[in-house]
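Structure record follows, encoded as structure tokens.
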Amino acid sequence: KLNIEIPEPENSDAAKFIASKVFTRQQIIVWDNDFTDGASASFNVPTGLYKIMMTSYKDNVLISSELVSLVFFIQR
């Protein structure tokens, strides 16, 4: 699994993580609304190059969107 962890996003109550496979643009979406240990996502994805975006929300309103990582992941 491809695991991503970041500090808790400011002024938000939910985070949407999107792993986009760079060459096929296939997307996997994971939501996190429990920030007791920061914001995190675990993606069950095959080997590939991925762009990870995180969008934060407060009361269902988009607060910010940012590139978290560009990673080459090898599934074992």
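Start at 1 with the first residue, then count along the sequence.
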Cluster overlap [X] with [Y], hydrophobic side-chain contacts below 4.5 Å:
X: Leu67; Y: Ile18; answer: no
X: Ile6; Y: Phe43; answer: yes
X: Ile4; Y: Met53; answer: no
X: Val61; Y: Met54; answer: no
X: Val68; Y: Leu49; answer: no

- Between Asp32 (side chain) and Ser40 (backbone), is there a donor-acceptor pair under 3.5 Å? yes

Compare every heavy atom of [Y] with every heavy atom of [X], then report the nearest pair and how far apart it is.
X: Ser42; Y: Val30; answer: O-CG2, 3.9 Å
X: Lys21; Y: Gly48; answer: CE-CA, 4.0 Å
X: Trp31; Y: Lys16; answer: CZ2-CD, 3.4 Å

- Message: How about CD on Glu10, more than 12 heavy atoms from neighbouring residues, nucleotides or ligands closer than 6.0 Å, or not?
- Response: no

- Count the heavy atoms of every other residue, nucleotide or ligand shown that sit under 6.0 Å from CG of Asn60, and state whether that count exceeds 12. no

Going by heavy atoms in the side chains, are [X] and [Y] under 4.5 Å from each other?
X: Leu2; Y: Ile52; result: yes
X: Pro9; Y: Phe35; result: yes
X: Asn44; Y: Ile28; result: no
X: Thr47; Y: Phe72; result: yes

- Can you tell me how far the CD1 atom of Ile63 sits from the OH atom of Tyr57, to the nearest 0.5 Å? 10.0 Å

- Message: Nearest 0.5 Å, please: how far is NZ in Lys1 from CD in Gln75?
- Response: 10.5 Å

